[in-house]
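Working notes for the structure below.
The residues of the chain are indexed from 1 along the displayed sequence.
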Amino acid sequence: TVTIEARPVRYTWNFGDGARLVTVEPGRPYPDLDITHRYPRPGRFRLALTTGFVGRFRAGDGPWRPIPGQMLLDSAPQPLRVVEARPQLRGE
């Protein structure tokens, strides 16, 4: 029996406006906001993520051995609509 294990080690965020961000953590759901991006203008963009994996394997109960290199897995780009909101103070 051969056992293979893959572990994500790098996340490359492509924000669709030419900006990219590389992180070693996948980010957490709202409201934590640990992965953020400020778009330069409102519009429609396509957000994509590439995840880099490293792997290892073992035969039977033998020792774990590294798999050379890194596998990159691209997500399907997701459409994103960026809008702008401006706060206003109003008297009664």
| salt bridge (Lys or Arg N to Asp or Glu O under 4.0 Å) involving E25 - partner list, sequence neighbours excluded | none
| said: Return the CG to CZ distance between L21 and F15, rounded to the nearest 0.5 Å. | reply: 5.0 Å
| Spacing of D17 atom CG and L80 atom CG [to the nearest 0.5 Å] | 9.5 Å
Shared-cluster residues of [X], by chain and number - hydrophobic side chains joined below 4.5 Å:
| X | value |
| --- | --- |
| F53 | M71, L73 |
| L72 | none |
| V54 | V9 |

| Can you pull the side chain to side chain donor-acceptor pair (under 3.5 Å) pairs that have at least one residue in residues 38-52, sequence neighbours excluded? | T50-D74
Could you list the donor-acceptor pairs under 3.5 angstrom formed between side-chain atoms of residues 56-66 and any protein atom two or more places apart in sequence or on another chain?
{"unit_1": "R56", "atom_1": "NE", "unit_2": "E5", "atom_2": "OE1", "d": "2.6"}
{"unit_1": "R56", "atom_1": "NH2", "unit_2": "E5", "atom_2": "OE1", "d": "3.1"}

| What do the steps show when you test I67 against I4 for side chain to side chain contact (heavy atoms under 4.5 Å, CB included), and what is the final call? | CA-CA 9 Å; I67 298 172; I4 298 173; 4.1 Å; yes
| request: Looking only at non-hydrogen atoms, find the nearest pair between A19 and H37 and report the distance. | output: CB-CE1, 3.4 Å
| How close do Q70 and G52 get, heavy atom to heavy atom, and via which atoms? | OE1-CA, 3.5 Å
| query | Does the N14 side chain pair with the main chain of A48, one donor and one acceptor, at a distance under 3.5 Å? | reply | no
